[in-house]
Protein chains: 2
Amino acid sequence: MSKLILDSGVSRRALIVELVENGVIHSQSDLVKALARKGVKVTQATASRDLEELGAVRGKDATGVFRYQFIANTEVAATTLKNLVLEIDASGNLAVIKTPPGAAQLLAGQLDRAIKNGALAGIGSIAGDDTIMVISKSATGGSALAKAIDRFVSENQSMKRVR
Amino acid sequence: MSKLILDSGVSRRALIVELVENGVIHSQSDLVKALARKGVKVTQATASRDLEELGAVRGKDATGVFRYQFIANTEVAATTLKNLVLEIDASGNLAVIKTPPGAAQLLAGQLDRAIKNGALAGIGSIAGDDTIMVISKSATGGSALAKAIDRFVSENQSMKRVR
DNA sequence: CGATGACTTGCATAAATATACAAACCTAGG
DNA sequence: CCTAGGTTTGTATATTTATGCAAGTCATCG
(Lines give C-alpha, C1' and ligand atoms only; values in the text may rest on other atoms or scores of the structure.)
Protein backbone atom coordinates (compact mmCIF):
# COMPACT_ATOMS: atom_id res chain seq x y z
CA MET A 1 0.00 0.00 0.00
CA SER A 2 1.37 3.37 -0.91
CA LYS A 3 1.33 6.46 1.11
CA LEU A 4 2.12 10.03 0.43
CA ILE A 5 5.07 10.90 2.53
CA LEU A 6 5.79 14.48 1.72
CA ASP A 7 2.82 16.79 1.92
CA SER A 8 -0.60 16.05 3.23
CA GLY A 9 -1.92 15.99 -0.28
CA VAL A 10 -0.38 16.42 -3.65
CA SER A 11 2.20 19.15 -3.53
CA ARG A 12 1.49 22.43 -5.23
CA ARG A 13 4.30 21.96 -7.68
CA ALA A 14 3.16 18.51 -8.72
CA LEU A 15 -0.23 20.06 -9.34
CA ILE A 16 1.32 22.77 -11.47
CA VAL A 17 3.20 20.22 -13.54
CA GLU A 18 -0.04 18.44 -14.20
CA LEU A 19 -1.88 21.60 -15.15
CA VAL A 20 0.88 22.74 -17.44
CA GLU A 21 1.08 19.35 -19.10
CA ASN A 22 -2.63 19.43 -19.70
CA GLY A 23 -2.03 22.63 -21.62
CA VAL A 24 -4.57 24.72 -19.80
CA ILE A 25 -2.25 27.38 -18.44
CA HIS A 26 -2.09 30.43 -20.68
CA SER A 27 -0.73 32.94 -18.21
CA GLN A 28 0.31 33.15 -14.61
CA SER A 29 -3.01 34.56 -13.56
CA ASP A 30 -4.56 31.54 -15.26
CA LEU A 31 -2.44 29.37 -13.06
CA VAL A 32 -3.42 31.29 -9.95
CA LYS A 33 -7.08 30.74 -10.80
CA ALA A 34 -6.63 27.06 -11.69
CA LEU A 35 -4.84 26.45 -8.42
CA ALA A 36 -7.51 28.30 -6.51
CA ARG A 37 -10.12 26.00 -8.03
CA LYS A 38 -8.16 23.09 -6.62
CA GLY A 39 -8.05 24.74 -3.25
CA VAL A 40 -4.50 26.06 -3.46
CA LYS A 41 -4.32 29.79 -2.95
CA VAL A 42 -1.23 31.66 -4.04
CA THR A 43 -0.47 34.94 -5.77
CA GLN A 44 0.95 35.64 -9.19
CA ALA A 45 4.37 36.21 -7.65
CA THR A 46 4.50 32.67 -6.37
CA ALA A 47 3.21 31.35 -9.67
CA SER A 48 6.08 33.12 -11.39
CA ARG A 49 8.62 31.58 -9.02
CA ASP A 50 7.14 28.11 -9.30
CA LEU A 51 7.06 28.13 -13.08
CA GLU A 52 10.63 29.28 -13.16
CA GLU A 53 11.74 26.53 -10.78
CA LEU A 54 9.95 23.91 -12.79
CA GLY A 55 11.42 25.12 -16.04
CA ALA A 56 8.15 25.97 -17.73
CA VAL A 57 8.18 28.60 -20.44
CA ARG A 58 5.49 30.55 -22.22
CA GLY A 59 5.14 30.34 -25.97
CA LYS A 60 2.52 30.28 -28.65
CA ASP A 61 1.22 26.91 -29.67
CA ALA A 62 0.17 25.70 -33.12
CA THR A 63 -3.08 27.63 -32.93
CA GLY A 64 -1.43 30.89 -31.98
CA VAL A 65 -2.45 30.76 -28.36
CA PHE A 66 -0.09 31.37 -25.49
CA ARG A 67 0.55 28.34 -23.36
CA TYR A 68 3.04 27.41 -20.69
CA GLN A 69 4.97 24.26 -21.50
CA PHE A 70 8.08 22.39 -20.59
CA ILE A 71 11.09 22.60 -22.80
CA ALA A 72 12.48 19.31 -24.02
CA ASN A 73 15.96 18.71 -22.69
CA THR A 74 15.23 21.05 -19.90
CA GLU A 75 17.81 23.41 -18.69
CA VAL A 76 16.43 24.40 -15.38
CA ALA A 77 17.75 27.26 -13.35
CA ALA A 78 20.24 26.53 -10.66
CA THR A 79 18.33 24.82 -7.93
CA THR A 80 18.52 22.53 -4.96
CA LEU A 81 17.93 18.83 -4.67
CA LYS A 82 14.84 19.55 -2.68
CA ASN A 83 13.33 21.52 -5.50
CA LEU A 84 13.65 18.55 -7.79
CA VAL A 85 11.54 16.34 -5.58
CA LEU A 86 7.83 16.70 -6.08
CA GLU A 87 6.67 13.55 -4.39
CA ILE A 88 8.04 10.40 -2.79
CA ASP A 89 6.08 7.17 -2.62
CA ALA A 90 6.97 3.65 -1.62
CA SER A 91 5.88 0.16 -2.53
CA GLY A 92 7.49 -3.10 -1.46
CA ASN A 93 11.18 -2.76 -1.91
CA LEU A 94 10.94 0.42 -3.96
CA ALA A 95 10.91 4.14 -3.38
CA VAL A 96 9.42 6.11 -6.25
CA ILE A 97 10.26 9.76 -6.74
CA LYS A 98 8.49 12.24 -8.98
CA THR A 99 10.46 15.15 -10.39
CA PRO A 100 9.84 18.00 -12.82
CA PRO A 101 10.11 16.87 -16.45
CA GLY A 102 13.67 16.16 -17.46
CA ALA A 103 15.11 16.30 -13.97
CA ALA A 104 14.97 12.63 -13.05
CA GLN A 105 18.33 11.66 -14.53
CA LEU A 106 19.98 14.47 -12.72
CA LEU A 107 18.56 13.71 -9.33
CA ALA A 108 19.17 9.98 -9.79
CA GLY A 109 22.84 10.67 -10.31
CA GLN A 110 23.00 12.36 -6.93
CA LEU A 111 21.11 9.54 -5.28
CA ASP A 112 23.43 6.96 -6.83
CA ARG A 113 26.34 8.77 -5.33
CA ALA A 114 24.64 8.75 -1.96
CA ILE A 115 24.06 5.03 -2.29
CA LYS A 116 27.71 4.41 -3.04
CA ASN A 117 28.69 6.46 -0.04
CA GLY A 118 26.44 4.34 2.11
CA ALA A 119 24.24 7.32 2.90
CA LEU A 120 21.25 5.51 1.43
CA ALA A 121 20.45 1.83 1.89
CA GLY A 122 19.66 1.10 -1.71
CA ILE A 123 21.11 -1.22 -4.30
CA GLY A 124 20.59 1.06 -7.27
CA SER A 125 18.21 3.34 -9.09
CA ILE A 126 16.67 3.75 -12.49
CA ALA A 127 15.47 7.07 -13.86
CA GLY A 128 13.18 8.03 -16.70
CA ASP A 129 12.23 11.57 -17.59
CA ASP A 130 10.35 12.59 -14.48
CA THR A 131 10.35 9.50 -12.28
CA ILE A 132 13.02 7.65 -10.36
CA MET A 133 12.83 4.24 -8.78
CA VAL A 134 15.29 3.40 -6.05
CA ILE A 135 15.55 -0.23 -5.03
CA SER A 136 16.01 -0.97 -1.36
CA LYS A 137 18.38 -3.56 0.04
CA SER A 138 15.60 -5.08 2.06
CA ALA A 139 12.49 -6.66 0.53
CA THR A 140 10.22 -4.36 2.50
CA GLY A 141 12.51 -1.39 2.80
CA GLY A 142 10.83 0.91 0.30
CA SER A 143 9.09 3.01 2.87
CA ALA A 144 12.13 3.45 5.08
CA LEU A 145 14.17 4.25 2.02
CA ALA A 146 11.67 6.87 0.96
CA LYS A 147 12.04 8.57 4.31
CA ALA A 148 15.81 8.41 4.08
CA ILE A 149 15.70 10.00 0.65
CA ASP A 150 13.47 12.75 1.93
CA ARG A 151 15.98 13.45 4.67
CA PHE A 152 18.87 13.29 2.24
CA VAL A 153 17.50 15.87 -0.16
CA SER A 154 16.58 18.20 2.65
CA GLU A 155 20.07 18.04 4.07
CA ASN A 156 21.81 18.61 0.77
CA GLN A 157 20.49 21.95 -0.20
CA SER A 158 23.09 23.11 -2.59
CA MET A 159 23.44 21.79 -6.05
CA LYS A 160 24.01 23.50 -9.32
CA ARG A 161 22.10 22.29 -12.29
CA VAL A 162 24.39 21.60 -15.16
CA ARG A 163 24.08 20.78 -18.82
CA MET B 1 19.80 61.92 -50.65
CA SER B 2 18.16 58.58 -51.03
CA LYS B 3 18.57 56.03 -48.35
CA LEU B 4 19.73 52.64 -49.33
CA ILE B 5 17.76 50.01 -47.50
CA LEU B 6 18.66 46.48 -48.28
CA ASP B 7 19.11 43.21 -46.66
CA SER B 8 22.20 42.08 -48.40
CA GLY B 9 21.80 38.35 -48.40
CA VAL B 10 21.09 37.78 -44.74
CA SER B 11 17.53 38.33 -43.68
CA ARG B 12 16.71 39.76 -40.31
CA ARG B 13 15.10 36.58 -39.11
CA ALA B 14 18.04 34.39 -40.06
CA LEU B 15 20.17 36.79 -38.09
CA ILE B 16 17.88 36.45 -35.11
CA VAL B 17 18.05 32.67 -35.27
CA GLU B 18 21.79 32.87 -35.19
CA LEU B 19 21.85 35.27 -32.28
CA VAL B 20 19.41 33.21 -30.28
CA GLU B 21 21.32 30.02 -30.94
CA ASN B 22 24.47 31.69 -29.73
CA GLY B 23 22.64 32.26 -26.48
CA VAL B 24 23.35 35.94 -26.27
CA ILE B 25 19.78 37.19 -26.25
CA HIS B 26 18.47 37.74 -22.75
CA SER B 27 15.59 40.05 -23.53
CA GLN B 28 13.91 41.68 -26.46
CA SER B 29 15.75 44.92 -25.92
CA ASP B 30 18.94 42.87 -26.02
CA LEU B 31 17.89 41.64 -29.40
CA VAL B 32 17.10 45.14 -30.60
CA LYS B 33 20.60 46.24 -29.60
CA ALA B 34 22.32 43.20 -31.09
CA LEU B 35 20.51 43.74 -34.36
CA ALA B 36 21.40 47.41 -34.35
CA ARG B 37 25.06 46.50 -34.01
CA LYS B 38 24.67 44.46 -37.17
CA GLY B 39 23.06 47.37 -38.90
CA VAL B 40 19.47 46.21 -38.61
CA LYS B 41 17.26 48.73 -36.88
CA VAL B 42 13.94 47.61 -35.45
CA THR B 43 11.95 48.27 -32.31
CA GLN B 44 11.04 46.01 -29.44
CA ALA B 45 7.61 45.44 -30.94
CA THR B 46 9.10 43.88 -34.02
CA ALA B 47 11.49 41.84 -31.93
CA SER B 48 8.51 40.47 -30.06
CA ARG B 49 6.77 39.52 -33.29
CA ASP B 50 9.87 37.94 -34.78
CA LEU B 51 10.64 35.84 -31.75
CA GLU B 52 7.09 34.65 -31.60
CA GLU B 53 7.14 33.74 -35.27
CA LEU B 54 10.36 31.82 -34.87
CA GLY B 55 9.11 29.93 -31.86
CA ALA B 56 11.72 31.21 -29.44
CA VAL B 57 10.84 31.30 -25.76
CA ARG B 58 12.39 32.92 -22.76
CA GLY B 59 13.51 30.86 -19.78
CA LYS B 60 16.24 30.76 -17.19
CA ASP B 61 19.34 28.78 -18.03
CA ALA B 62 21.60 26.73 -15.76
CA THR B 63 23.14 29.82 -14.24
CA GLY B 64 19.81 31.42 -13.45
CA VAL B 65 20.00 33.91 -16.28
CA PHE B 66 17.18 34.60 -18.68
CA ARG B 67 17.85 33.54 -22.22
CA TYR B 68 15.78 33.13 -25.34
CA GLN B 69 15.95 29.65 -26.85
CA PHE B 70 14.14 27.42 -29.26
CA ILE B 71 11.88 24.72 -28.04
CA ALA B 72 12.12 21.27 -29.57
CA ASN B 73 9.08 20.32 -31.55
CA THR B 74 7.81 17.08 -30.10
CA GLU B 75 4.68 16.66 -32.10
CA VAL B 76 3.70 13.06 -32.42
CA ALA B 77 1.42 11.51 -34.98
CA ALA B 78 -2.00 10.69 -33.64
CA THR B 79 -2.33 7.00 -32.98
CA THR B 80 -4.08 4.61 -30.66
CA LEU B 81 -2.81 3.44 -27.35
CA LYS B 82 -3.32 -0.13 -28.33
CA ASN B 83 -0.95 0.19 -31.25
CA LEU B 84 1.78 1.25 -28.90
CA VAL B 85 1.61 -1.82 -26.73
CA LEU B 86 3.57 -4.84 -27.93
CA GLU B 87 3.65 -6.86 -24.76
CA ILE B 88 2.72 -6.66 -21.09
CA ASP B 89 4.44 -8.68 -18.37
CA ALA B 90 4.36 -8.63 -14.61
CA SER B 91 6.73 -9.39 -11.77
CA GLY B 92 6.17 -8.70 -8.09
CA ASN B 93 4.85 -5.18 -7.81
CA LEU B 94 5.73 -4.27 -11.37
CA ALA B 95 4.06 -4.34 -14.75
CA VAL B 96 6.44 -4.14 -17.67
CA ILE B 97 5.30 -2.92 -21.08
CA LYS B 98 7.15 -3.19 -24.35
CA THR B 99 6.49 -0.58 -27.03
CA PRO B 100 7.84 0.25 -30.46
CA PRO B 101 11.11 2.20 -30.26
CA GLY B 102 10.64 5.76 -29.11
CA ALA B 103 7.03 5.35 -28.05
CA ALA B 104 7.54 4.54 -24.39
CA GLN B 105 7.60 8.11 -23.10
CA LEU B 106 4.43 8.89 -24.96
CA LEU B 107 2.48 5.92 -23.69
CA ALA B 108 3.80 6.40 -20.17
CA GLY B 109 2.38 9.90 -20.16
CA GLN B 110 -1.06 8.50 -20.84
CA LEU B 111 -0.68 5.84 -18.18
CA ASP B 112 0.42 8.45 -15.67
CA ARG B 113 -2.72 10.38 -16.36
CA ALA B 114 -4.78 7.25 -15.86
CA ILE B 115 -3.02 6.68 -12.57
CA LYS B 116 -3.78 10.17 -11.43
CA ASN B 117 -7.42 9.70 -12.36
CA GLY B 118 -7.54 6.55 -10.30
CA ALA B 119 -8.18 4.43 -13.37
CA LEU B 120 -5.06 2.42 -12.67
CA ALA B 121 -3.84 1.29 -9.25
CA GLY B 122 -0.24 2.34 -9.69
CA ILE B 123 2.01 4.82 -7.95
CA GLY B 124 4.05 5.85 -10.95
CA SER B 125 5.88 4.72 -14.04
CA ILE B 126 9.24 4.96 -15.67
CA ALA B 127 9.78 4.91 -19.39
CA GLY B 128 12.90 4.39 -21.39
CA ASP B 129 12.91 4.25 -25.14
CA ASP B 130 10.86 1.12 -25.71
CA THR B 131 10.04 -0.15 -22.23
CA ILE B 132 7.81 1.10 -19.44
CA MET B 133 7.70 -0.09 -15.88
CA VAL B 134 4.58 0.69 -13.87
CA ILE B 135 4.75 0.27 -10.12
CA SER B 136 1.72 -1.16 -8.38
CA LYS B 137 0.35 0.14 -5.14
CA SER B 138 0.40 -3.32 -3.66
CA ALA B 139 3.56 -5.37 -3.19
CA THR B 140 2.14 -8.21 -5.27
CA GLY B 141 -0.09 -6.22 -7.56
CA GLY B 142 2.00 -6.36 -10.71
CA SER B 143 -0.04 -9.02 -12.39
CA ALA B 144 -3.39 -7.41 -11.65
CA LEU B 145 -2.00 -4.10 -12.79
CA ALA B 146 -0.83 -5.63 -16.04
CA LYS B 147 -4.35 -6.83 -16.74
CA ALA B 148 -5.79 -3.45 -15.85
CA ILE B 149 -3.38 -1.76 -18.24
CA ASP B 150 -4.35 -4.18 -20.98
CA ARG B 151 -7.98 -3.31 -20.42
CA PHE B 152 -7.22 0.39 -20.27
CA VAL B 153 -5.40 0.57 -23.59
CA SER B 154 -8.11 -1.45 -25.29
CA GLU B 155 -10.82 0.83 -24.01
CA ASN B 156 -9.04 4.03 -24.88
CA GLN B 157 -8.58 3.78 -28.57
CA SER B 158 -8.20 7.41 -29.42
CA MET B 159 -5.35 9.54 -28.38
CA LYS B 160 -4.24 12.88 -29.56
CA ARG B 161 -1.12 14.65 -28.67
CA VAL B 162 -0.21 18.14 -29.62
CA ARG B 163 2.95 20.09 -29.25
C1' DC C 1 9.83 28.13 25.75
C1' DG C 2 12.58 31.88 23.08
C1' DA C 3 15.85 32.94 19.98
C1' DT C 4 17.91 32.01 15.53
C1' DG C 5 18.33 31.15 10.86
C1' DA C 6 16.69 29.29 6.59
C1' DC C 7 12.66 29.23 3.54
C1' DT C 8 8.49 30.72 1.71
C1' DT C 9 4.99 34.00 0.46
C1' DG C 10 2.52 38.33 -0.50
C1' DC C 11 2.65 43.11 -1.57
C1' DA C 12 3.97 46.70 -4.34
C1' DT C 13 6.33 47.96 -8.15
C1' DA C 14 9.72 47.56 -11.76
C1' DA C 15 10.75 45.33 -15.90
C1' DA C 16 9.57 43.04 -19.91
C1' DT C 17 6.45 41.62 -23.48
C1' DA C 18 2.24 41.78 -26.47
C1' DT C 19 -0.93 44.25 -29.26
C1' DA C 20 -4.47 47.84 -31.22
C1' DC C 21 -4.09 51.09 -34.32
C1' DA C 22 -2.34 54.09 -37.77
C1' DA C 23 1.13 55.20 -40.95
C1' DA C 24 4.49 53.48 -44.23
C1' DC C 25 5.49 50.30 -47.52
C1' DC C 26 5.00 47.37 -51.08
C1' DT C 27 2.81 45.00 -55.41
C1' DA C 28 -0.16 44.32 -59.26
C1' DG C 29 -3.43 46.12 -62.53
C1' DG C 30 -5.42 49.57 -64.98
C1' DC D 1 1.34 57.47 -62.62
C1' DC D 2 -2.59 56.16 -59.63
C1' DT D 3 -5.25 53.15 -56.87
C1' DA D 4 -6.68 49.28 -54.02
C1' DG D 5 -5.26 45.42 -51.42
C1' DG D 6 -2.22 43.21 -48.51
C1' DT D 7 1.89 43.20 -45.43
C1' DT D 8 5.25 45.18 -42.21
C1' DT D 9 6.56 48.40 -38.80
C1' DG D 10 6.57 51.95 -35.09
C1' DT D 11 4.12 54.26 -31.40
C1' DA D 12 1.78 54.16 -27.41
C1' DT D 13 -0.18 51.50 -24.20
C1' DA D 14 -2.14 47.37 -22.00
C1' DT D 15 -0.94 43.09 -20.32
C1' DT D 16 2.03 40.03 -18.24
C1' DT D 17 5.99 38.68 -15.63
C1' DA D 18 9.97 39.35 -12.33
C1' DT D 19 11.73 40.86 -7.99
C1' DG D 20 13.19 43.79 -3.59
C1' DC D 21 11.64 43.79 0.66
C1' DA D 22 9.16 42.80 4.82
C1' DA D 23 6.39 39.69 7.22
C1' DG D 24 5.09 35.00 8.18
C1' DT D 25 6.38 29.85 8.91
C1' DC D 26 8.89 26.25 10.53
C1' DA D 27 12.39 23.55 12.41
C1' DT D 28 16.47 23.52 15.44
C1' DC D 29 19.19 24.38 19.37
C1' DG D 30 20.26 25.90 23.81
Side-chain angles (χ1 to χ4, degrees), chain A residues 5-9 11-16 19-20 24-36 38-61 63-71 76-86 147 150-159, chain B residues 2-7 11-16 19-20 24-36 39-61 63-71:
Chain A
I5 295 185
L6 283 188
D7 296 16
S8 50
S11 79
R12 185 180 75 228
R13 295 212 168 148
L15 201 51
I16 292 175
L19 287 166
V20 168
V24 297
I25 306 301
H26 305 283
S27 69
Q28 294 182 1
S29 66
D30 256 22
L31 178 54
V32 170
K33 285 179 211 152
L35 287 174
K38 301 246 180 188
V40 181
K41 284 204 256 185
V42 290
T43 61
Q44 172 265 325
T46 296
S48 171
R49 293 175 183 124
D50 281 344
L51 289 169
E52 178 218 308
E53 276 297 339
L54 295 171
V57 297
R58 190 175 185 246
K60 286 203 175 168
D61 67 7
T63 60
V65 180
F66 276 109
R67 233 181 259 290
Y68 271 95
Q69 57 198 301
F70 294 107
I71 315 183
V76 179
T79 183
T80 65
L81 285 188
K82 201 179 178 183
N83 286 334
L84 297 182
V85 177
L86 300 181
K147 277 176 195 143
D150 187 21
R151 223 174 303 120
F152 175 76
V153 298
S154 297
E155 284 166 2
N156 292 268
Q157 290 293 354
S158 78
M159 177 174 105
Chain B
S2 76
K3 235 193 277 186
L4 195 55
I5 305 201
L6 57 117
D7 54 13
S11 80
R12 185 181 75 230
R13 298 226 165 136
L15 201 51
I16 293 176
L19 288 166
V20 167
V24 297
I25 306 301
H26 305 284
S27 70
Q28 295 181 0
S29 67
D30 257 21
L31 178 53
V32 170
K33 285 179 211 154
L35 287 174
V40 181
K41 285 205 256 184
V42 291
T43 60
Q44 171 264 325
T46 297
S48 171
R49 293 174 184 123
D50 282 344
L51 288 167
E52 175 217 310
E53 188 71 37
L54 295 170
V57 297
R58 190 175 186 245
K60 284 201 178 172
D61 69 6
T63 59
V65 180
F66 277 109
R67 227 181 265 288
Y68 272 94
Q69 56 198 302
F70 294 108
I71 59 179

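As a basis for the values below, the full set of heavy atoms in this structure was taken, side chains included, without hydrogen atoms, waters or symmetry mates. Within every chain, numbering begins at 1; the chains are lettered A, B, ... in the order of the sequence lines, protein sequences first and strands thereafter.
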- Which letters describe nucleotides 17-28 of chain D, given B = protein heavy atom under 4.0 Å from base, S = only from sugar-phosphate, - = neither? BBBB--------
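For the salt bridge (charged side-chain N to carboxylate O under 4.0 Å, His left out) test, no residue two or more places apart in sequence or in another chain qualifies with A:Arg49. Every residue two or more places apart in sequence or in another chain was checked for a side chain to side chain donor-acceptor pair (under 3.5 Å) with B:Glu53, and none qualifies. Legend: residues meeting salt bridge (charged side-chain N to carboxylate O under 4.0 Å, His left out) with B:Arg67, ordered by chain and number and at least two apart, are B:Asp61. For A:Ser27, the side chain to side chain donor-acceptor pair (under 3.5 Å) partners at least two apart in sequence or on another chain are A:Ser29.
D:dT9 atom P lies 7 Å from atom CG of B:Asp50, rounded to whole Å. Look at CZ on B:Arg13: it is 7 Å from P on D:dT8, rounded to the nearest Å.
Proximity of a side-chain donor or acceptor of A:Arg58 to a complementary backbone N or O of B:Val57 within less than 3.5 Å is not detected.
The side chain of B:Arg12 places an N or O atom within less than 4.0 Å of a non-bridging phosphate oxygen (OP1 or OP2) of D:dT9.
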